[in-house]
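Start at 1 with the first residue, then count along the sequence. Order of appearance sets the numbers: ligands from 1, and atoms from 1 within every ligand. Bear in mind that the values here come from a model prediction, so they are computed numbers and not experimental data. When reading the values below, keep in mind they use all heavy atoms of this one structure, side chains included, and skip hydrogens, waters and symmetry mates.
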Amino acid sequence: MTPIESMNKIRSREDEVTPPHLYFNRRAIMRAGAVAATAATTTAAYRWFNPKIDIVNEAKPIANLKQQDESEGTEQIRGWQTDEEKTPESDIISYNNFYEFTTDKRRVAAVARDFQTDGWQITIDGLVEKPQTFTVDQIHSISQPEERIYRMRCVEAWSMVIPWAGVPLGRILDVVQPLPTAKFVAFETLLDPERMPGQKTNVLDWPYVEGLRLDEASHPLTLLATGLYGKQLPPQDGAPIRLVIPWKYGFKGIKSIVRITLLDKEPPTSWNRYAPAEYGFYANVNPQVDHPRWSQATEQRIGESGRRKTLMFNGYEEQVASLYEGMDLNQFF
Ligand code: MTE
């Protein structure tokens, strides 16, 4: 075996840390854990295990994108911006979780490359006064797209800082007018195995579904994102429209959404269905509550050496803690 072949073999084991369909292969997990722990220690090692691939987002710029006015000084207080270094665009668009295409993070961009989203529509229905179907342009005409620079913390203990473009979900919910009985919001990804080849496998139940409480969905930080780095979302990041909830683990950020339904009870969610003891409905970032199989105390910021401490609610405690007053946060994971 050549050194490259042997490194590739190790690299593929490192990738096994994450795909949950391999969770029950305990030997692979233990080996992978050991390799990942070593790999996380230096940038050089990180790059060795995750070689840079030249992937470019050639999508159009987001028209009429509103930059946050830094002079106001309120954006950081609201959590709409951070002065932490942004993760390079090339990393954001080449290291993805999107099981509808592949479970291999480094191949999502290539497999999803030709995913067509022309004419995309998103329907909002259920317990609302005015159910409606919107195009992405209509979403942008309801509320001017704005830039939000958020931390993103994956449940797998890696993180990024991403300049999203999007519209607060609450502004769109105002248009459809939730009924007083509406308490939860369910989200659904496109179901189309011909366009999303991963849906031909049974790695998850399809379509991918997610949910929020209505007050979480209406929080000003919750974004329906349509772009990143000022351009329309590339397929691998959830084109043309996905959810971003910066204080929750990344799996809540459902991609390529076609339906949003308001309900009076908690909807099922894909990862909770898959492993209820491991992935809760709330999934708020909490460094004190470990995943059953790994610590959540620290994280690997993609592109950085060493590990950094994970922050309660991913650093958005001031903005969102009041949503959970009276709840035992160690129980509602
Ligand atoms: N949405 C769908 N439809 N399918 C997925 O597999 N993966 C989730 C989330 N949304 C996923 C999804 C997970 S586990 C994470 S961490 C984020 O998307 C990753 O987003 P990114 O690839 O844009 O960084």
Side-chain angles (χ1 to χ4, degrees), residues 15 17-21 23 50 55 57 59 86-112 115 117 120 122 150-166 186-193 195-199 201-212 223-229 231-246 248-260 269-275 278-280 283 285 291 296 299-303 314:
D15 288 344
V17 173
T18 52
H21 61 286
Y23 280 170
N50 301 281
I55 293 171
N57 180 11
K86 285 180 269 184
T87 303
E89 184 184 8
S90 55
D91 283 329
I92 298 171
I93 66 175
S94 62
Y95 190 76
N96 301 99
N97 274 330
F98 203 169
Y99 279 24
E100 283 83 343
F101 293 99
T102 166
T103 57
D104 180 344
K105 293 183 192 354
R106 293 262 157 214
R107 289 190 58 245
V108 179
V111 179
F115 182 60
T117 60
W120 194 274
I122 176 164
Y150 287 160
R151 287 175 288 277
M152 198 224 343
R153 169 61 158 81
C154 179
V155 74
E156 299 160 345
W158 53 267
S159 65
M160 298 188 184
V161 175
I162 305 181
W164 299 106
F187 302 84
E188 200 176 304
T189 293
L190 176 72
L191 178 64
D192 187 342
R195 290 160 72 194
M196 295 179 144
Q199 290 179 338
T201 73
N202 60 2
V203 60
L204 285 176
D205 280 344
W206 310 110
Y208 194 100
V209 288
E210 255 307 335
L212 294 173
L223 202 67
L224 270 181
T226 54
L228 60 83
Y229 267 102
K231 286 174 276 181
Q232 292 171 4
L233 286 177
Q236 61 270 32
D237 286 284
I241 190 158
R242 56 97 51 92
L243 190 63
V244 178
I245 322 117
K248 291 180 180 283
Y249 289 118
F251 67 85
K252 299 290 292 179
I254 180 172
K255 297 176 169 182
S256 304
I257 301 169
V258 289
R259 183 175 293 272
I260 298 178
T269 63
S270 283
W271 284 104
N272 181 254
R273 256 187 199 153
Y274 179 85
E278 301 193 358
Y279 305 100
V285 175
H291 186 277
Q296 295 291 26
E299 66 202 50
Q300 172 73 56
R301 179 68 51 86
I302 297 297
N314 203 22

* For M152, the ligand 1 atoms whose distance to one of its heavy atoms is below 4.0 Å -> 20 (O), 24 (O)
* ligand 1-proximal atoms of M160, by part, heavy-atom distance under 4.0 Å -> neither
* R242 and ligand 1 - part of the residue with a heavy-atom distance under 4.0 Å -> side chain
* Asked: After noting the C-alpha distance and the side-chain angles of D237 and I92, does the key distance pass the side chain to side chain contact (heavy atoms under 4.5 Å, CB included) rule?
  -> CA-CA 8 Å; D237 286 284; I92 298 171; 3.9 Å; yes
* Give the residue, atom name and distance (to 0.1 Å) of the protein heavy atom nearest atom 1 (N) of ligand 1. => K255 N, 3.1 Å
* Asked: Hey, do the aromatic rings of F115 and F101 have their centres closer than 6.0 Å?
  -> yes
* To do: Measure the distance from atom 7 (N) of ligand 1 to every protein heavy atom, then report the residue, atom name and distance (to 0.1 Å) of the closest one.
  => N97 O, 3.3 Å
* Ionic contact status for K105 with E156, cut-off 4.0 Å -> yes
* Which ligand 1 atoms does C154 reach within 4.0 Å, using its non-hydrogen atoms? -> 16 (S)
* Closest protein heavy atom (residue, atom, distance) for atom 10 (N) of ligand 1 -> G253 O, 2.9 Å
* So is E156 close enough to ligand 1, meaning a heavy atom under 4.0 angstrom away? -> no
* Quick one: sort the Y274 and W271 rings into parallel, tilted or perpendicular, breaks at 30° and 60°. => perpendicular
* Asked: What's the shortest distance from atom 6 (O) of ligand 1 to any protein heavy atom, and which residue and atom give it?
  -> Y99 N, 2.8 Å
* **S159/R153 under side chain to side chain donor-acceptor pair (under 3.5 Å): CA gap, chis, key distance, verdict** => CA-CA 4 Å; S159 65; R153 169 61 158 81; 5.9 Å; no
* Below 4.0 angstrom, N of the basic side chain to O of the carboxylate: do E89 and K231 qualify? -> yes
* Closest non-hydrogen protein atom to atom 17 (C) of ligand 1, residue and atom name please, with distance? -> G250 O, 3.5 Å
* Which atoms of ligand 1 have any heavy atom of I254 under 4.0 Å away? -> 1 (N), 10 (N)
* Asked: Under 3.5 Å, side chain of R106 to main-chain N/O of Y95, donor-acceptor pair present?
  -> no
* Less than 3.5 Å between some nitrogen or oxygen of E100 and one of ligand 1, yes or no? -> yes
* Close-contact set for ligand 1 against N96 heavy atoms, below 4.0 Å -> 21 (P), 22 (O), 23 (O)
* **Close N or O approach (D237, ligand 1; < 3.5 Å)** => yes
* To do: Assess whether ring-ring contact (aromatic ring centres under 6.0 Å, His included) is satisfied between Y99 and Y208, documenting all intermediate values.
  => CA-CA 9 Å; Y99 279 24; Y208 194 100; 8.1 Å; no
* Stepwise, does the side chain to side chain contact (heavy atoms under 4.5 Å, CB included) test hold for K86 with Y229? -> CA-CA 10 Å; K86 285 180 269 184; Y229 267 102; 3.4 Å; yes
* Asked: Can you check whether I162 has an N/O within less than 3.5 Å of an N/O in ligand 1?
  -> no
* Where does Y208 meet ligand 1, judged by heavy-atom distances below 4.0 Å: at the side chain, the backbone, both, or neither? -> side chain
* **Heavy-atom check, side chain of V244 versus side chain of R242, under 4.5 Å** => yes
* **Close N or O approach (W164, ligand 1; < 3.5 Å)** => no
* Would you kindly specify which portion of T189 sits under 4.0 Å from ligand 1, judged on non-hydrogen atoms: side chain, backbone, both or neither? => side chain
* Under 4.5 Å between any side-chain heavy atoms of R273 and V209, yes or no? -> yes
* Quick one: does G238 get a heavy atom under 4.0 Å from ligand 1? -> no
* Any F98 side-chain heavy atom under 4.5 Å of M196 side chain -> yes
